[in-house]
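When a ligand or atom number is given, it counts from 1 through the structure's own listing order.
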Amino acid sequence: MSSLDARLDALRGSSPPVPHNARTLAALTANPGCDRRSLLDAAGIDKDALAAHLGLPRPLRKSRLALSHDVAFERQVTGPNGAELLRLLRETLGLTLPEVSYEDLSSVGDANASSLQLRYSRTRALILSAARDPSDARTLLDHPVLRLTVAGHQAYLEPDAIAFQRHDTAQRQGTFHIVEIKSFAVIDEADNTKVTAAVIQAAAYVLALRELLASDGHPPDHVSDSLVLVTPLNFSDRPTATLVNALQKIKSLSRHLGRLRRLPELLDQLPPGTTFDLAAGPDEIPTRPRSDLAAALATTRPRYTPGCRQHCDLAFHCRSEARNQGRIEALGTEVRDDIAGLETIATALALTDGHLHPSRDQAHIVQALRHAHQVHADLLAGIG
Ligand code: SF4
C-alpha cells in the first residue's frame, strides 16, 4: 500500500471504501474547486453516512422502491448469461452471432477493497487479451472494474459492462464500448439530466479504459467515444439500447481531472490525526460525537453553492456552515461571481454603508453594491 493510500485510509477510518460513482464523477465537473469533496471522495468516504450521522436531510438518497426498481431492471437485462444484453448489442453494434460471448466478473472476490483489486486485475487481463488478439472469444464483460487516476490517486470504477466489437481481420483491431444500464425512461435525450449524468459517468469509464489500454501501448481510439445506453423502451419494462456520443463530456472531464489539486497537497493542509471515521460500534451504530465530526469537516475547505444540493450528500451541512459564517456563496453562484473577491456578507454590507473603505480593486464592486442598495431603498420607499 502506498503512503498516499495509507493517509486516505486513515481519513476514512474503519468503514469500507465507497468507490467513485456517477454522482462523484458528475460532481467533479460541477464543483471541481471543492477541496472537502475531493478529499472525501478520494478516501472513499460515505458522505451519505456522514450526513445521516449529523442528523441532516440526505438530498440524494434514493427510496427503497427506486433502488429495487434499478436492481430488477439490471437483472432483467444481464441475466441469464447476458442473453438480453447480447441481443441488444448485436442490434446496436452489429455484432455477428459467432462472435458474441459473455463473462461475468461479479463473482471474483468478495465485497471489499481487495475484491476490487482482484476484479480489476481480472478485467485488465481480459481486456488486454482482447486488445492484443482481436480473435479473442470474449465479447462482453459484465461487472468489470476499471481504475482511473483522480488527483494523483487510483480510483476504482465499476461500469455495468464493456462490450468488445471486433473489426474485420484486415484491420487487426477491435473497439471497446462502455455499456451503461439505467432504469429511467428516456423521453428527450437532449433535455434529460439523467442522461447527462449517465454520459458523464460513461466518460470517466472511457478515460479509465483508455488509461488501462495505454499502459500496454494501445492508442485511445481503441475505446469508442460513444456509449451504449440501455434503458426501458418508453415507459415499458422492455429494454432498448441507444448509442450516445460522449465525446464532449470525455473532453470536459479530462480537462477537469487535469485541473484537480493534487491530493498530497490537500492532505498536508489537514491537522495531524484528522479523520472522518464514524467509529461504528459492534451494532454498526456510529459512536463519534457529532460536534467532533463537524469539527473534522471544518478542517477542510468547502466551496458551497446552492447547486451542491443536486450532486452532494453534504449539501445541507455545507449550506448551514456557509450561512453561519455569513459567506457570500450562501447567496448563490451569481452573487458570488458578481462580487468575486469579497468573502463574507458582513464585509459586503460594511463596504456598502461606508463602515469599511474599499481597496482600489474593490472600488467598482462597491460602486455596484451602493447602486443596488439605492435601487432597493427606492423600491421600498415606493412601496411604502
Ligand atoms: S456540499 Fe459541501 S462538500 Fe459537497 S461539493 Fe458542496 S461544498 Fe463541497
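Under 4.0 Å is where a charged nitrogen must lie from a carboxylate oxygen, and between D5 and R12 no such pair does. A salt bridge does not link K182 to D160: none of the charged nitrogens lies less than 4.0 Å from a carboxylate oxygen.
Contact check for L278 versus D46: no side-chain heavy atoms found under the 4.5 Å cut-off.
Minimum heavy-atom separation, V230 to V179: CG2-CG1, 4.1 Å.
Within 4.0 Å of ligand 1, the residues that place a heavy atom are N31, C34, R36, R37, P302, R303, Y304, C308, H311, C312, L314, A315, C318, listed by chain and number.
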Original post:
Going through the distances and angles, do D104 and S106 end up as a side-chain hydrogen bond (donor to acceptor under 3.5 Å, both in side chains)?
Top reply: CA-CA 6 Å; D104 185 2; S106 60; 2.9 Å; yes
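Checked against side chain to side chain donor-acceptor pair (under 3.5 Å), S14 has the following partners two or more places apart in sequence or in another chain: D277.
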